[in-house]
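Heads up, the thing below is written out as structure tokens.
Computed from a prediction, not measured in an experiment: that's the story for all the values here. Residue numbers start from 1 in every chain, and the chains themselves are labelled A, B, ... in the order their sequence lines are given, proteins ahead of strands.
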Number of protein chains: 2
Amino acid sequence: MKPTPPATRSTRQRGEVMALLQEMDGARSAQQLHMMLRERGAKVGLTTVYRTLQLLVDAGDADATRLPGGEQLFRLCSRTHHHHLVCRDCGKTVEVAGPAVERWADQVATDNGFTDVSHTIEIFGTCRDCAAR
Amino acid sequence: MKPTPPATRSTRQRGEVMALLQEMDGARSAQQLHMMLRERGAKVGLTTVYRTLQLLVDAGDADATRLPGGEQLFRLCSRTHHHHLVCRDCGKTVEVAGPAVERWADQVATDNGFTDVSHTIEIFGTCRDCAAR
DNA sequence: ATTAGTGCAAATCGTTTGCACCCAG
DNA sequence: CTGGGTGCAAACGATTTGCACTAAT
């Protein structure tokens, strides 16, 4: 017998969510996405938006970052390890790689006797457009 | 006249919270701290624990990190800029400084036209003690 | 037919706030 | 005295879940 055939179905609502995400150039909250879908005429329940996003995150096709307030922002992103440079105002996101930083983090951790190391790095700022207002 | 004389009073409950925090060697959630205080016989309301922690954070005497689940962990810490190496199991925390990383972050941001740069870096792992179980 | 997916409402969860009472200065 | 502090209960905001219904395969 097959271990666990996770048959993921293709539905209209998932398509709508994916389509919207692909148009985004920055991160958005589940609620924002839900509202945008509504305005655009796509009928998708908030619950489904959450479930779809979670699915994408688990699959590694999207990633979520938590705002200081606790709200999560989602975005599609590459599957390779990387970090984000996020605009505080518009949410625009730039993926950045930093081999040196990765090494630094692992080094610091092992130096202190830690194993199973992982890390979180987020850089926030105001992008040129938003700075120009 | 004085601008805003924020007269912070010294109360029994604030003392209890501070005392507990000083005994901690790692980060704890507000709820955990509240429970620990209760077990120790100190009568402090959960609300007060939250308010006191927020006060400490604002004053820069403590800092908070958000767990993937959205829950915040608090700990007393030095006022200088630094990052944390946290044990996933026991919450033990080690403050780490990384001048090079700070520079890297600022560099990446400005290279992309971002201003008002700030960042968040957290390193997670399993400390020696917990690894040994 | 099967069974995953959907959506609404109700339930969680951590955290915040309104408000009447209390105590440090 | 007086305004900051406290605590309980109610309010909150984001996210999750129970459940009956709909639709993809």
Any Lys/Arg nitrogen of B:Asp63 or B:Arg75 sitting under 4.0 Å from an Asp/Glu carboxylate oxygen of the other?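 A salt bridge is present here (some side-chain N lies under 4.0 Å from a carboxylate O).
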
Length of the line joining [X]:[atom1] and [N]:[atom2], which is rounded to integer Å:
X: B:Gln32; N: C:dT15; atom1: CD; atom2: C1'; result: 15 Å
X: B:His34; N: C:dT15; atom1: NE2; atom2: P; result: 13 Å
X: A:Leu46; N: D:dT16; atom1: CG; atom2: P; result: 10 Å
X: A:Leu53; N: D:dT16; atom1: CG; atom2: C1'; result: 14 Å
X: A:Gln72; N: C:dG14; atom1: CD; atom2: C1'; result: 14 Å

Just N and O in the side chain of B:Thr48: are any of them under 4.0 Å from OP1 or OP2 of D:dG7?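 It does, given that an N or O in the side chain of B:Thr48 lies less than 4.0 Å from OP1 or OP2 of D:dG7.
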
Any side-chain N or O of A:Tyr50 below 4.0 angstrom from OP1/OP2 of D:dT16? no

N/O donor-acceptor pair under 3.5 Å between B:His82 side chain and B:Thr80 backbone: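 Answer holds: yes.
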
Tabulated below should be each protein N or O lying under 3.5 Å from an N or O of nucleotides 20-25 of chain D; please produce it.
{"from": "D:dA24", "atom 1": "N3", "to": "A:Arg9", "atom 2": "NH1", "distance (Å)": "3.4"}

Regarding [X], tell me which of base, sugar-phosphate or nothing describes its non-hydrogen contacts under 4.0 Å with the strands shown.
X: B:Arg51; result: base
X: B:Gln31; result: base
X: A:Gln13; result: sugar-phosphate

B:Leu56 side chain near B:Leu76 side chain, heavy-atom distance below 4.5 Å: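 Result yes, sub-4.5 Å side-chain heavy-atom pair found.
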
Sub-4.5 Å side-chain heavy-atom contact between B:Thr120 and A:Ile121: no

Is the distance between the ring centroids of A:His119 and B:His84 under 6.0 Å?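 Judged by ring-centre distance (under 6.0 Å), B:His84 and A:His119 do not meet the cut-off.
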
Give a yes-or-no answer on whether the side chains of B:Tyr50 and B:Gln31 include a donor-acceptor pair shorter than 3.5 Å. yes

Roughly how far apart, to the nearest Å, are D:dG18 and D:dA14 at atom P?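 These two P atoms come out 22 Å apart once rounded.
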
Heavy-atom pair with the smallest gap, counting every atom of B:Phe114 and A:Val86: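 For B:Phe114 versus A:Val86, the nearest heavy atoms are CE2-C, 3.7 Å.
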
